[in-house]
Amino acid sequence: MVTTERPPHRLRAWMLEGLSDMGKAGGHTGPHAEPEPPHQGQRWWRVMCLTGVDYFSTLGYQPGIAALAAGLLSPVATIVLVLVTLAGALPVYRRVAEESPHGEGSIAMLERLLSFWQGKLFVLTLLGFAATDFLITITLSAADASTHLVQNPHLTSALHDKQLLITLLLVALLGAVFLKGFLEAIGVAVALVGVYLTLNVVVVITGLWHVVTAGHVVTDWSSALTAEHGNVFVMIGVALIVFPKLALGLSGFETGVAVMPHVRGDAGDTEERPAGRIRDTKKLLTTAALIMSCFLIATSFITTVLIPEKEFKTGGQANGRALAYLAHEYLGSAFGTVYDISTIAILWFAGASAMAGLLNLMPRYLPRYGMAPHWARAVRPMVIVFTLVAFLVTWIFDANVDKQGGAYATGVLVLISSAAIAVTIAAHKAGQRGWTIGFAVISAVFLYTTVVNVIERPDGVKIGACFIAGIVLVSLLSRLARAFELRVTQVQLDDMAERFIRDMSHRRIRFIANKPGLRDKAEYRDKIEQIRIDNDIPMTEDFVFAEVTVTDPSEFEAGLTVRGEVLHGRYRVLTLEHSSISNALAALLLHVRDMTGCTPHIYFEWTEGTPFANFLRFFLFGQGEVAPVTREVLRLAEPNRARRPRVHTG
């Protein structure tokens with residue numbers, strides 16, 4: 001019998017191993033990992049490469065998607081994208097870096113603005129779109145990597161109909177690496193980004209040289225552009241309309257803020273005032289945006305004028321791999337193959353970055369809300385869940401880069417819009433009128449872009465809605481399953497409260513749970529009398545009242561503060577503050593037991609109302625049927641019945 005049960009136990013232990021083997025000891029992993037020890041981080045330009053595996057790798061598919069979306073207007077629309085990047089997204093995320101220097105990002109900024117359940121649901125919604133962004137990054141990057149592999153001249157005949165299978169294998173390989181243990185390596189990111197950008201510089205220079213030497217291509221392009229759209233103002237107007245389809249080029253900013261804890265900063269930085277880290281993160285964001293902007297403009301231009309339009313479409317040799325097409329066309333098969341290998345590597349590593357982001361983003365919020373099952377605290381079960389979801393998304397979109405563009409853009413735009421709104425509110429609270437107006441305009445631009453993208457390509461919001469529904473459903477079920485856990489992180493008693501307990505420890509410790517009303521003398525006198533009658537307690541016994549003030553009932557875990565006071569010259573009252581009445585009382589009883597070595601007793605009156613309605617009140621508002629819930633919390637927290645505090649109800 002022992003031998004038959006051992007393998008499942010070993011498998012379960014392996015699956016539920018913590019995060020310590022998945023990167024730094026005891027911490028999260030990947031590009032969004034926990035901070036380095038103080039002053040032991042990396043130089044900002046090295047951390048920029050960590051962001052770059054996500055941001056710069058979009059060059060693998062961005063020019064082709066831009067050509068499909070805007071046609072001959074692709075360079076003009078890309079210039080609009082660059083202006084929005086530099087004048088909109090960059091200032092927003094520079095401000096986000098100031099407001100959340102520990103890598104929490106814009107979601108944490110908005111979380112602080114809202115309380116109660118609406119705040120939790122709002123964060124869950126944003127997490128749904130963040131999951132869309134990261135998961136589509138995994139599937140889109142894998143799909144584009146497989147495109148580069150399948151379209152390579154040396155392999156196209158053997159792999160031309162295997163793209164879906166190859167994409168699934170790449171996603172599975174990514175999951176397998178994380179199951180084994182993904183050791184973060186900024187050095188790998190630096191090497192990948194350095195090689196990839198160098199190869200792209202070669203391709204861009206070669207493309208510009210062919211444009212200059214074959215001058216007719218520019219003339220042909222400008223003539224066709226004028227014939228199709230007329231004057232410059234019409235072109236700009238159309239470019240503004242199609243701009244939302246190019247929003248993939250805005251990715252990377254949220255990742256840039258998430259990797260802030262890795263930036264070294266100055267020797268004098270503290271966790272409270274990391275001025276050097278903030279300054280260098282701004283350098284990181286600005287440099288990455290400038291590099292990407294230059295590449296976006298150059299690559300959109302050379303691909304538009306040098307590649308026939310039909311090649312961008314599905315089945316064309318430049319579909320999802322426009323720059324690779326130019327590399328093979330003008331630099332030969334050998335260089336093109338090297339370029340393909342580099343692109344596949346950085347796209348795969350972008351998927352690893354996204355997976356690490358998911359594994360670190362969800363635990364940042366859901367456990368605090370009590371909205372994650374216990375197994376969600378371990379990396380491996382979550383890797384399996386995310387990998388299976390990535391399989392599903394890949395199958396739904398048939399590993400097609402173009403079809404996933406809308407979903408990816410939606411996730412990116414929602415996060416950037418939320419960041420713009422967050423910094424607008426932050427500037428308004430700081431009394432910065434000019435910045436408030438500027439950020440409000442930027443917010444309007446991104447909201448417009450998001451709405452247009454959703455209308456034209458609803459796949460993204462549909463997938464986002466599925467993720468949101470799944471996260472909310474699983475979170476609420478988890479919260480229900482964990483409703484009776486002891487959720488008090490610590491108990492703090494003031495001097496008077498401690499004196500009451502020390503005095504009671506010399507005899508039987510009896511508490512009366514009281515819902516405070518007028519708090520007049522009659523209230524306490526009548527309550528004691530009622531408890532004596534209901535429980536047949538002699539007049540010689542004395543009591544201490546325990547009254548709970550509910551703070552924010554949507555909080556799952558919180559500390560408990562206990563203050564003692566004497567009312568009307570004779571009634572001793574302990575005032576407790578917590579998110580749940582039952583949890584507060586249970587924690588008080590256990591603390592008193594451990595403090596005195598005596599078993600405390602607590603007395604309740606039955607609450608009026610149906611059990612179901614009272615449970616909903618407890619679940620949503622921290623109140624409800626207090627007596628049985630307190631007893632259940634105590635039962636789960638203390639399995640030994642002999643040591644469990646006594647609960648009496650009359």
Side-chain angles (χ1 to χ4, degrees), residues 486-551 557-607 622-623 626-631 633-635 637-638 640 642-650:
L486 185 64
R487 293 151 27 193
V488 176
T489 55
Q490 61 178 349
V491 180
Q492 292 183 333
L493 283 70
D494 69 1
D495 293 339
M496 184 66 76
E498 191 167 338
R499 188 184 309 168
F500 290 168
I501 294 169
R502 293 295 182 192
D503 177 65
M504 295 170 66
S505 65
H506 298 297
R507 49 196 179 276
R508 182 155 295 183
I509 302 175
R510 298 184 188 271
F511 292 105
I512 293 177
N514 183 51
K515 182 179 180 180
L518 298 175
R519 305 192 84 196
D520 57 9
K521 188 174 182 179
E523 176 182 335
Y524 296 104
R525 183 189 64 232
D526 295 344
K527 187 75 172 184
I528 289 178
E529 185 65 24
Q530 186 66 45
I531 291 297
R532 290 190 193 280
I533 294 171
D534 290 344
N535 296 277
D536 194 23
I537 298 175
M539 293 290 292
T540 55
E541 298 289 340
D542 64 345
F543 301 91
V544 170
F545 288 91
E547 300 178 346
V548 181
T549 299
V550 177
T551 51
E557 294 180 341
L560 175 64
T561 57
V562 184
R563 295 190 302 273
E565 56 184 327
V566 179
L567 297 181
H568 311 297
R570 60 177 298 185
Y571 299 111
R572 293 171 296 175
V573 181
L574 295 180
T575 302
L576 295 72
E577 292 184 355
H578 193 256
S579 58
S580 165
I581 294 176
S582 301
N583 263 272
L585 294 174
L588 173 66
L589 295 172
L590 292 170
H591 185 77
V592 169
R593 182 204 64 185
D594 296 339
M595 178 179 169
T596 64
C598 304
T599 302
H601 296 247
I602 189 167
Y603 297 85
F604 295 90
E605 289 186 48
W606 286 111
T607 306
Q623 303 178 38
V626 179
V629 174
T630 302
R631 197 265 177 187
V633 173
L634 287 169
R635 186 185 69 83
E638 178 50 79
N640 187 347
R643 300 192 70 243
R644 192 182 304 153
R646 305 293 191 260
V647 176
H648 307 268
T649 307

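Note that these values count all heavy atoms, side chains included, but never hydrogens, waters or copies made by symmetry.
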Quiz item: Do His591 and Leu493 have side chains that get closer than 4.5 Å, going by heavy atoms?
Solution: yes

Quiz item: Are any of the side-chain heavy atoms of Arg631 and Thr649 separated by less than 4.5 Å?
Solution: no

Quiz item: Would a distance-only check, ignoring hydrogens and angles, find a side-chain to backbone donor-acceptor pair under 3.5 Å from Arg502 to Phe500?
Solution: no

Self-check item: Sequence neighbours excluded - ring pair (Phe, Tyr, Trp, His ring centres under 6.0 Å) pairs with any residue from residues 560-585
Solution: Tyr524-Tyr571

Quiz prompt | Atom pair CD1/CG of Ile512 and Asn535 - distance to nearest 0.5 Å | solution = 9.0 Å

Quiz item: Any chance CG of Asp594 has more than 12 other-residue heavy atoms, nucleotides or ligands included, within less than 6.0 Å?
Solution: yes

Self-check item: Member of Asn514, Ile581, Leu585, Leu574 meeting the side-chain contact (heavy atoms from CB on, under 4.5 Å) criterion with Glu547
Solution: Asn514

Practice problem: Give a yes or no on whether the backbone of Leu518 and the side-chain of Glu523 come within a donor-acceptor separation of less than 3.5 Å. | Solution: yes

Quiz item: Going from CG on Asp494 to CZ on Arg499, what distance comes out if it is rounded to the nearest 0.5 angstrom?
Solution: 9.5 Å

Practice problem: Over all heavy atoms of both residues, which pair between Val633 and Ala586 is shortest? Give the atoms and the distance, please. | Solution: CG1-CB, 3.7 Å

Exercise. Of all the heavy-atom pairs spanning Leu576 and Ala584, show the shortest one and how long it is.
Key: CD2-O, 3.6 Å

Practice problem: Could you pull out the closest heavy-atom pair between Arg508 and Arg510, with the gap in Å? | Solution: CD-NH2, 3.3 Å

Self-check item: Contact summary for Thr599 and Pro645, nearest pair of heavy atoms
Solution: CG2-CA, 4.0 Å

Exercise. Mind checking the CD1-OG1 spacing from Ile509 to Thr596? Nearest 0.5 Å is all I need.
Key: 3.5 Å

Quiz item: Does the side chain of Ile537 reach to within under 4.5 Å of the side chain of Tyr603, using non-hydrogen atoms?
Solution: yes

Quiz prompt | Arg570 side, atom CZ; Lys521 side, atom NZ - distance, nearest 0.5 Å | solution = 6.5 Å

Self-check item: Contacts of type ring pair (Phe, Tyr, Trp, His ring centres under 6.0 Å), residue His601, not counting sequence neighbours
Solution: His648

Quiz item: Can you name the closest pair of heavy atoms from Asn583 and Leu486 and give their distance?
Solution: OD1-CA, 3.2 Å

Distance-only criterion, 3.5 Å: show the donor-acceptor pairs between side-chain atoms of residues 558-567 and protein atoms not counting sequence neighbours.
{"from": "Arg563", "atom 1": "NH2", "to": "Glu577", "atom 2": "OE2", "distance (Å)": "3.4"}
{"from": "Glu565", "atom 1": "OE2", "to": "Arg519", "atom 2": "NH2", "distance (Å)": "3.0"}
{"from": "Glu565", "atom 1": "OE2", "to": "Thr575", "atom 2": "OG1", "distance (Å)": "3.2"}

Quiz prompt | Atom pair CD (Glu638) and CZ (Arg635), whose distance is rounded to the nearest 0.5 Å | solution = 12.0 Å

